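Below is one structure, written out as structure tokens; comments come after it.
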Amino acid sequence: MNCEQGTWVAGIDIGSTAIKVVLYDGSRYVTGIAPTGWNPKLAADSLLAEIMARAGPAELPPLATTGYGRRCMDAAVTQTEIACHARGAALLVPGCRFVIDIGGQDAKGIRLSPDGRVEDFVMNDKCAAGTGRFLSAMAAALGTSVDELAEYAGGAEPYRINSMCTVFAESEVIGLINQGVSRESIIAGLDASIARRTASMVGGLAPQQPIAFTGGVARNCDIVKRLEESLGIPVIVPCDGIYAGALGAALICREESES
Ligand code: ADP
């Protein structure tokens, strides 16, 4: 198939927590997000249908999938998260030389060449420490939600949290609550620990600016600020950063359709 301007393609990022869909027609894109739930294929199909009804093509466009559940759909193209996040971030942050993505179940750093090719990457997908899952567990222990965490942290002095393992950190947090340490200081301490861990994970790749910070955890502005402090350089959080993987998949799908 030859993709002309106005011909739609779809990029679908089937993540551990959320499915992101991007419909792209060569000049504009439309997005949608929904929980992955217990049946990723069902959730992805219904999200895609909903976005197509809202804004996209009448017929099913060529699909490219990425993310941990990428093989659950019958797609024209299946690509790794590294390739897709790199492509998507480079569109969202022109000239991007480094991507830090923290999602529900993993954290990754990707170094890009000046022309946007992946030069090297590092990934933690072995344990929940420093990921959205860690943050969700801590939010539950503190009686709040991930969306509210950043408001609580608001500039508080961080209390040093020593455990990085989610299970031990949960016990440590409960112990601190019982000792009377303020919720604000505990949350600031958790944010600082995620920032330190991320900076140390990507440090070996010598991140250069501009750095795009993407994924669900980048929505927390206190973590963004502390990550900048730990790295010693600013990061850019593009407003559609959570869609970087899906957008990259759509771009790759379009390219492959044209070749
Ligand atoms: P995945 O692709 O693995 O599903 P995402 O990049 O979609 O990951 O991010 C999902 C994660 O983002 C969730 O685990 C959640 O904890 C985290 N998250 C969502 N909203 C926020 C927020 N406002 N602040 C911090 N973290 C958030």
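Every number for a ligand or one of its atoms is a count from 1 in the order of the listing. We number each residue from 1, following the sequence as shown. What you see is a predicted model, and the numbers here were worked out from it, not measured in a lab.
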Next item on the list: Would you please test Tyr29 and Asp240 for side-chain hydrogen bond (donor to acceptor under 3.5 Å, both in side chains) and show each step?
Entry: CA-CA 11 Å; Tyr29 63 87; Asp240 277 339; 2.7 Å; yes
Check: Between Asp147 and ligand 1, is there a nitrogen or oxygen pair with a distance under 3.5 Å?
Finding: yes
Item checked: Point-to-point distance, once rounded to the nearest 0.5 Å, from CZ of Phe213 to CG of Asn220 -> 8.0 Å
Checklist line | Nearest-contact summary for atom 2 (O) of ligand 1 - protein heavy atom, Å | finding: Lys20 NZ, 2.8 Å
Checklist line | Euclidean distance, Met123 CE relative to Ile110 CD1, rounded to 0.5 Å | finding: 8.5 Å
Notebook entry, point to check: For ligand 1, is any non-hydrogen atom under 4.0 Å from Ile242's backbone (N, CA, C, O), its side chain (CB onward), both, or neither?
Noted result: side chain
Next item on the list: Can you pull out the closest protein heavy atom to atom 24 (N) of ligand 1? Residue, atom name and distance to 0.1 Å, please.
Entry: Val146 O, 3.5 Å
Checklist line | Residue Gly15 vicinity, atoms of ligand 1 by number, heavy atom under 4.0 Å | finding: 1 (P), 2 (O), 4 (O)
Check: With atoms numbered from 1 as shown, which atoms in ligand 1 lie under 4.0 angstrom from a non-hydrogen atom of Ser136?
Finding: 16 (O)
Notebook entry, point to check: In terms of hydrophobic clusters joined by side-chain contacts under 4.5 Å, are Leu149 and Ile161 together?
Noted result: yes
Notebook entry, point to check: What protein heavy atom is closest to atom 3 (O) of ligand 1, reported as residue, atom name and distance in Å?
Noted result: Ser16 OG, 2.8 Å
Notebook entry, point to check: What is the closest protein heavy atom to atom 27 (C) of ligand 1, and at what distance does it sit?
Noted result: Gly216 O, 3.3 Å
Item checked: Asp147 versus Ser145, side-chain donor and acceptor atoms under 3.5 Å -> no
Checklist line | Atom indices of ligand 1 within 4.0 angstrom of Asn220 heavy atoms, with elements | finding: 24 (N), 25 (C)
Check: Ignoring hydrogens and geometry, is there a side-chain-to-backbone donor-acceptor pair from Gln79 to Ala249 under 3.5 Å?
Finding: no
Margin query: If you apply the rule side-chain hydrogen bond (donor to acceptor under 3.5 Å, both in side chains), what do you find for Ser27 with Asp25, and how did you get there?
Written below: CA-CA 6 Å; Ser27 60; Asp25 78 347; 3.3 Å; yes
Notebook entry, point to check: Closest non-hydrogen protein atom to atom 8 (O) of ligand 1, residue and atom name please, with distance?
Noted result: Gly104 N, 2.9 Å
Notebook entry, point to check: Would you say Thr17 and ligand 1 have an N/O pair spaced under 3.5 Å apart?
Noted result: yes
Check: Does the side chain of Asp13 come under 3.5 Å of the side chain of Tyr243 through a donor N or O and an acceptor N or O?
Finding: no
Next item on the list: Give the numbers and elements of all ligand 1 atoms closer than 4.0 Å to a heavy atom of Gly132.
Entry: 14 (O), 16 (O)
Check: At a 4.0 Å threshold, what atoms of ligand 1 neighbour a non-hydrogen atom of Ala18?
Finding: 4 (O), 7 (O)
Next item on the list: List every atom of ligand 1 that sits less than 4.0 Å from any heavy atom of Leu135, numbering the atoms from 1 in the order shown and giving each element.
Entry: 25 (C), 26 (N)
Notebook entry, point to check: Would you say Gly215 and ligand 1 have an N/O pair spaced under 3.5 Å apart?
Noted result: no
Note to self: Go through it in stages, so that I can follow the logic: the residues are Glu81 and Thr66, the test is side-chain hydrogen bond (donor to acceptor under 3.5 Å, both in side chains), and I'd like the CA-CA distance, side-chain angles, deciding distance and then a yes or no.
What the structure shows: CA-CA 6 Å; Glu81 288 175 73; Thr66 188; 5.8 Å; no
Margin query: With no hydrogens and no angle check, just 3.5 Å: does a side-chain donor-acceptor pair link Thr214 and Asp101?
Written below: yes
